[in-house]
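Let me begin by presenting the structure, written as structure tokens, before commenting on it.
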Amino acid sequence: MRVSDWVHTCHNMNKITGYITNIFHDRIDICVTIPRGYGNISVNRRDAWLADDTIWMDDIPAMIDLSLMIRDKEWFDHWMKEMSLWKSVQIADSLF
């Protein structure tokens, strides 16, 4: 990781997206862009990951909607399968 990299993390039960503004040994400072108005946070380096192609479960419905809007059946099928995999994990987690 380096200054200016886009990252994801979780902070106080919120999904965070932002970019790194400072790095201090095992901590990084992040300027949060999503959600808006969140401000700046500092987290342990190992609690953040690069924002490459990370898909969160709550992003999948928007991807399904987009695939329907552009009438792409292959993409729709892909995202429906992804949603079913996430739902299985949610159900398993709720059992414990």
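Quick caveat, the model's predicted, so the values are computed rather than measured.
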Main-chain N/O of Ile70 paired with Asp72 side-chain donor or acceptor, under 3.5 Å | no
Provide the closest heavy-atom pair for Trp75 versus Met63 in the form atom of the first, atom of the second, distance.
-> CZ2-CE, 3.4 Å
Over all heavy atoms of both residues, which pair between Ala51 and His8 is shortest? Give the atoms and the distance, please.
-> CB-NE2, 3.4 Å
Common cluster, Ile34/Ile20, ILVMFWY with side-chain heavy-atom separation under 4.5 Å = no
Establish whether Val32 and Phe24 are linked, either directly or via other cluster members, by ILVMFWY side-chain heavy-atom contacts under 4.5 Å.
-> no
If I take atom [atom1] from residue [X] and atom [atom2] from residue [Y], how far apart are they, to the nearest 0.5 angstrom?
| X | Y | atom1 | atom2 | value |
| --- | --- | --- | --- | --- |
| Ile60 | Ser67 | CD1 | OG | 11.5 Å |
| Thr33 | Ile16 | OG1 | CD1 | 9.0 Å |
| Ile64 | Trp79 | CD1 | CH2 | 9.0 Å |
| Leu66 | Phe76 | CG | CZ | 12.5 Å |
| Ile30 | Ser42 | CD1 | OG | 8.0 Å |

Sorted by chain and number, sequence neighbours left out, salt bridge (charged side-chain N to carboxylate O under 4.0 Å, His left out) with Asp77 holds for Lys73
Using salt bridge (charged side-chain N to carboxylate O under 4.0 Å, His left out) as the criterion, list what pairs up with Arg2, not counting sequence neighbours.
-> Asp5
Those residues at least two apart in sequence (or on a different chain) that pass side chain to side chain contact (heavy atoms under 4.5 Å, CB included) with Cys31 are Tyr19, Thr21, Asn40
Could I get the full list of ring-ring contact (aromatic ring centres under 6.0 Å, His included) partners for Tyr38, not counting sequence neighbours?
-> His11
Salt bridge (charged side-chain N to carboxylate O under 4.0 Å, His left out) contacts in which one or both residues fall within residues 11-20, not counting sequence neighbours | Lys15-Asp58, Lys15-Asp59
Salt bridge (charged side-chain N to carboxylate O under 4.0 Å, His left out) contacts touching residues 20-47 (sequence neighbours left out) | none
Note, Trp6 side chain near Leu50 side chain (heavy atom, < 4.5 Å) | no
